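Proteins come first, then strands; the chains are lettered A, B, ... in the order of their sequence lines, and each starts at number 1. Just so we're clear, the structure is a prediction, and the values are computed from it rather than from any experiment.
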2 protein chains.
Amino acid sequence: MTSKRENEFTSWYIDTIQKADLMDYTPVRGCIAFKPDGYEIWEHIQAEMDKRFKETGHRNAYFPMLIPENFFQKEKDHIEGFSPELPWVTEAAGEKLEERLALRPTSETMIGHLYSDWINSYRDLPVLINQWANVFRWEKRTLPFIRTSEFLWQEGHTAHVDEEEAREETMQMLGIYKEVVEDLLAIPVYDGEKTPSERFAGAVDTYSIEAMMQDGKAVQAGTSHYLGTKFAEAFDIKYLTRENKHEYVHTTSWGTSTRLIGSVIMVHGDEQGLVLPPRIAPTQVVLIPVGPWKKNPEIIEKLDAVFAELKAKGIRVRLDDSDQSPGFKFNEWELKGVPVRVELGPRDLAKDQALLKARDEDEKVEVNLNDLVARIEEELTTMQTRLFEKAKAFREKHSHTHVDTLEQLEQHIADSEKNDDIPGWVLAGWCGDDDCESHVQEETKFTTRNIPFNPPATKDTCINCGKDAKHTVWFGRAY
Amino acid sequence: MTSKRENEFTSWYIDTIQKADLMDYTPVRGCIAFKPDGYEIWEHIQAEMDKRFKETGHRNAYFPMLIPENFFQKEKDHIEGFSPELPWVTEAAGEKLEERLALRPTSETMIGHLYSDWINSYRDLPVLINQWANVFRWEKRTLPFIRTSEFLWQEGHTAHVDEEEAREETMQMLGIYKEVVEDLLAIPVYDGEKTPSERFAGAVDTYSIEAMMQDGKAVQAGTSHYLGTKFAEAFDIKYLTRENKHEYVHTTSWGTSTRLIGSVIMVHGDEQGLVLPPRIAPTQVVLIPVGPWKKNPEIIEKLDAVFAELKAKGIRVRLDDSDQSPGFKFNEWELKGVPVRVELGPRDLAKDQALLKARDEDEKVEVNLNDLVARIEEELTTMQTRLFEKAKAFREKHSHTHVDTLEQLEQHIADSEKNDDIPGWVLAGWCGDDDCESHVQEETKFTTRNIPFNPPATKDTCINCGKDAKHTVWFGRAY
């Protein structure tokens, strides 16, 4: 990674996603258009998530996008958290509305209102529902995919007989997020608990998976919340127990969004553009004829045959027989992050071989034509693993455990800058006091990412006040 | 069908979808919640449509939901058609917006704006994009699924080099709609062209598929529009031809929506509740133990085995071993429209058989246990066809070709009422004059459905004025 990249990571990011044709800006503030190559990444994420949700007994539903203002008043933490970011519908069909309607930032309130009707008895529980939807948060500073005024997401909303079952659900879904993000997107994440100040507005406990981008900043890649009985009390969601008593249900919610698209780019991309993990790449393999191939019809015949064979195996393959030069094509498909490129020219054909280039490797490999399809399949699998391992090595390198005090953190940041390196994240102790957390942030812009379930070390003293640490926490700058 | 059903079709419909647990009302006017059994019908429709769209070279994308007011001003027919129904966002994050933003009723304007940037050369064409999204039309009178303020749909938006290619696309997509609605939903439709007064706001030509409900009213089940260069001119979407000239693209748009869910209920339902075509039923088969089955563990063992075998074949099966009585269960699963019910009790088991009941047939059939799984599979296929044929026979019975004048139409309506029958649709000639069309509507509430591609007869004179008919048209009352 060049230092230019580190210093100008955001410009590199925007430049990369535009050249790769993933999105476009629109005249509506902070709202982007997801172009087909960008949207297809989301479709692959959706398909995998949806499969896992259904395997664990969840079903999809769809709730209204517009939420009456009075719904937000019912849970005070929730309104405090979300009201600064809400867009409002105030008129419709030529008339002023009696009550303003918010464009949903999340659906706990509407769903709470409905669940209070849908849930009456222990027989109705658990309710395990997910929704795929667009949501709105009118943010001051936006960045395509990572933080936009409108984005796409899924939000799970479940209701349970008791705390134990609800907490199990919360953890199960966090586990699914971790698996999908690591296996499908090849992004390693730390799973853990959020500190109180970073909790979802209205949650009892929030858990997250946190991913490190190549500029060392964190993206919260998914969250799962145990909401206790807070929304049940606000919306009166009670059920009749087997013992004929009325009890509040315990609810959870959990979500992942199109910011995962941005995370993939920021974790795997390089100077040549996108680098896409094979499992989510809209095009997995591109076949390119080279040399004087038009005079040699065998070239295209052979590539057509390989194309058909790959396609029959369900591999997303393109044959680029356009009039552009090979150099132009190589560059274009590299920009788009296509995992595997195959080149075939008369000289290769004479030697009964093709050249295979993995997007993330420097060298082209000669492959016998008889082995080509099998070799491509193999490369798609190994590249998926290789990208994960590379991202993990990068993260380990920039996950620091030697920082115990604020002074050391400041020194660490200063050293990083001096060495033209990124500061990454530091694992440090925390006494549990909000003031210590916010003081670290004021001085260094490092915020608590999460309290990891499996920290690589345990810290005894608070990074800020030096008192006994209650928790060992990842600190880092974040998107 | 009872006359009560006919007279109170709407109450029957609302009662049926609520008892079947497909939807719920919400406090936001005209906005419903799609419950899992309702939403899953949509998921099956989506999966089939999406497959066909992709097979024909289309890709999905996502465009912003909010549309700046000035976009609507650019195509005058479009704004006239949609402005009476728009909800507006006027404030966000505590501030009044400089320009109002509409919740999209459809996306031609936003997409036109973006395509003008995306399309530069003939090399960029055709653009074949579809979007799955929520849209808003603030309707005065709403009916769950059929007409709601917010609904879900897909909207295809394509751009082409010339009229011929765009018209081919328009027809291709109408053809796909017809196939999916007939094959998947078992609803026969008439395909044809809309009259000018019924065209999409801004279209050159609109084509539709029209379905007849059991009250004889029509649902427009899908539309496909040739937009000519109207939106290209409004949004300046030009391309450089091979001959280096700047030309406007020709665009199309086409859509189907969650009103298809409502149509399925209205076409196939009966006095016992929903009747779902097997291909879209959330539960296709329900297995119910009967008699003193708890004392006879073999019953559940056998049903478990059948369950596992069906599930392995990808059939959506449920085993209802709850404590309710068989009668209660039969009723509940009939309400939900489950296509096939299997009953197994000790007496059946002794005879090595089970009872199979198709939702749309009166009699239970005895099936040998060895044949049971094969017989269930077969029933799912034959029921799908049977429902289509039944709906088609119903439609033919109520598609009348004997009406040639307005007087005859009024007489036909009066006769139907007298006979406690529904008036259905009539095929009649039309001179092409808007006034004749609206006069028929004023007198009878019959509107033009479409000018069918394959009319069962050809009419020579206009139903209203008696002059030469330019078109043979389906007239009927419509949702």
Side-chain angles (χ1 to χ4, degrees), chain A residues 21 24 26-29 31-40 42-43 59-68 70-71 83-95 97 100-101 103 110-111 113-114 117-118 123 129 131-134 136-140 149-150 152 258 282 322, chain B residues 21 24 26-29 31-40 42-43 59-68 70-71 83-95 97 100-101 103 110-111 113-114 117-118 123 129 131-134 136-140 149-150 152 258 282 322:
Chain A
D21 220 22
D24 199 1
T26 77
V28 185
R29 209 196 68 175
C31 292
I32 61 168
F34 293 71
K35 298 180 85 170
D37 277 342
Y39 191 80
E40 190 174 329
W42 183 237
E43 287 183 291
R59 298 187 71 194
N60 290 325
Y62 186 77
F63 299 92
M65 198 199 65
L66 298 174
I67 300 186
N70 78 78
F71 278 24
S83 71
E85 300 178 349
L86 299 177
W88 295 98
V89 172
T90 60
E91 333 167 345
E95 285 176 21
L97 299 178
R100 296 193 298 175
L101 301 170
L103 308 198
M110 175 59 80
I111 290 176
H113 170 84
L114 291 165
D117 240 22
W118 298 358
R123 285 200 186 85
I129 286 182
Q131 164 171 266
W132 293 95
N134 55 341
F136 288 81
R137 297 182 188 176
W138 218 252
E139 306 266 7
K140 286 251 179 331
S149 302
E150 178 185 16
L152 303 177
T258 38
S322 66
Chain B
D21 218 21
D24 199 1
T26 77
V28 185
R29 209 196 67 175
C31 293
I32 61 167
F34 293 71
K35 297 180 86 168
D37 276 341
Y39 191 80
E40 189 175 330
W42 182 237
E43 287 184 292
R59 299 187 71 193
N60 290 326
Y62 186 77
F63 298 92
M65 200 200 61
L66 298 174
I67 300 187
N70 77 80
F71 278 24
S83 71
E85 301 178 348
L86 298 177
W88 294 98
V89 172
T90 60
E91 332 166 345
E95 285 177 22
L97 299 179
R100 295 195 298 175
L101 301 170
L103 308 198
M110 176 59 82
I111 290 176
H113 170 84
L114 291 165
D117 240 23
W118 298 359
R123 284 199 187 85
I129 287 181
Q131 164 172 266
W132 293 97
N134 56 341
F136 288 81
R137 297 182 188 174
W138 217 251
E139 307 266 6
K140 287 252 179 326
S149 300
E150 179 184 18
L152 302 177
T258 38
S322 66

Student: Please determine, among Asp21(A), Asp117(A), Val28(A), Thr258(A), the option with the most heavy-atom pairs under 4.5 Å with chain B.
Tutor: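 Greatest number of close heavy-atom pairs with chain B: Val28(A).
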Student: Taking side chain as everything from C-beta outward and backbone as N, CA, C, O, which of these in Arg100(A) sits under 4.5 Å from a heavy atom of chain B? Side chain, backbone, both or neither.
Tutor: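 For Arg100(A), the contact with chain B is made by the side chain alone.
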Student: Examine whether an atom of Arg137(B) lies under 4.5 Å from a heavy atom of chain A, and if so say whether it belongs to the side chain, the backbone or both; otherwise answer neither.
Tutor: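 Contact with chain A is absent: no heavy atom of Arg137(B) under 4.5 Å.
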Student: Mind ranking Ser322(B), Gly94(B), Pro27(B) by heavy-atom pairs under 4.5 Å with chain A and telling me who comes out on top?
Tutor: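 Sorted descending by pairs with chain A, the first entry is Pro27(B).
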Student: Asp24(A) versus chain B, heavy atoms under 4.5 Å apart: side chain, backbone, both or neither?
Tutor: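 The side chain, not the backbone.
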Student: Report the relative orientation of the aromatic rings in Phe34(A) and Tyr39(A); use parallel for angles under 30°, tilted for 30 to 60°, perpendicular for over 60°.
Tutor: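 Answer is perpendicular, since the angle exceeds 60°.
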Student: Using a cut-off of under 4.5 Å on heavy-atom pairs, state which of Met110(B), Met65(B), Glu85(B) scores highest against chain A.
Tutor: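 Heavy-atom pair counts peak at Met65(B).
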Student: Does Arg59(B) have any salt bridge (Lys or Arg N to Asp or Glu O under 4.0 Å) partners at least two apart in sequence or in another chain, and if so, which?
Tutor: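 With sequence neighbours excluded, Arg59(B) shows a salt bridge (Lys or Arg N to Asp or Glu O under 4.0 Å) to Asp37(A), Glu40(A), given in chain and number order.
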Student: Is chain B contacted by the side chain of Glu91(A), its backbone, both, or neither, given a heavy-atom distance below 4.5 Å?
Tutor: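 Answer is both: backbone and side chain atoms of Glu91(A) are under 4.5 Å from chain B.
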Student: Could you tell me whether the side chain of Gln131(B) and the main chain of Phe63(B) form a donor-acceptor pair under 3.5 Å?
Tutor: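 Yes, because the side chain of Gln131(B) sits within donor-acceptor range (under 3.5 Å) of the backbone of Phe63(B).
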Student: Between Ser83(A), Pro87(A), Cys31(A), Pro36(A), which residue shows the highest count of heavy-atom pairs closer than 4.5 Å to chain B?
Tutor: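 So the answer, after comparing Ser83(A), Pro87(A), Cys31(A), Pro36(A), is Pro36(A).
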Student: Relative to chain B, which of Leu86(A), Leu101(A), Ile129(A) shows the most heavy atom pairs under 4.5 Å?
Tutor: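 The residue among Leu86(A), Leu101(A), Ile129(A) with the greatest pair count is Leu86(A).
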Student: Angle class for the Trp132(A)/Trp42(A) ring planes (parallel below 30°, perpendicular above 60°, tilted otherwise)?
Tutor: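 Aromatic pair Trp132(A)/Trp42(A) classed perpendicular.
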Student: Looking only at heavy atoms and a cut-off of under 4.5 Å, which of Leu114(A), Leu97(A), Ile111(A), Ile67(A) has the most pairs with chain B?
Tutor: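 That would be Leu114(A).
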Student: Measuring heavy-atom distances to chain A, does Trp118(B) have an atom under 4.5 Å in its side chain, in its backbone, in both, or in neither?
Tutor: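 Looking at Trp118(B), just its side chain touches chain A.
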Student: Rounded to the nearest 0.5 Å, what separation is found between the CG atom of Leu103(A) and the CG atom of Leu103(B)?
Tutor: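 Answer rounded to 0.5 Å: 6.0 Å.
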Student: Out of Pro64(A), Gly38(A), Ala133(A), which one racks up the most heavy-atom pairs below 4.5 Å with chain B?
Tutor: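 Going by pairs under 4.5 Å, I would pick Pro64(A).
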Student: Please classify the contact between Glu43(B) and chain A as side chain, backbone, both or neither, with a heavy-atom cut-off of under 4.5 Å.
Tutor: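 Side chain only.
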Student: I'd like to know if the side chain of Ser149(B) reaches the main chain of Arg29(B), judged simply by a donor and an acceptor atom lying under 3.5 Å from each other, with no hydrogens or angles considered.
Tutor: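 Yes; judged by distance alone, with no hydrogens or angles, the pair exists.
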Student: Distance from Glu150(A) atom CD to Leu66(B) atom CG, nearest 0.5 Å?
Tutor: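 Answer for the CD-CG pair, Glu150(A) versus Leu66(B), is 6.5 Å.
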Student: Checking Pro84(A) against chain B: side chain, backbone, both or neither under 4.5 Å from a heavy atom?
Tutor: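 The answer is the backbone of Pro84(A).
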Student: Could you tell me which residues satisfy ring-ring contact (aromatic ring centres under 6.0 Å, His included) with Trp88(B), sequence neighbours excluded, listed by chain and number?
Tutor: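 Checked Trp88(B) against ring-ring contact (aromatic ring centres under 6.0 Å, His included); zero matches.
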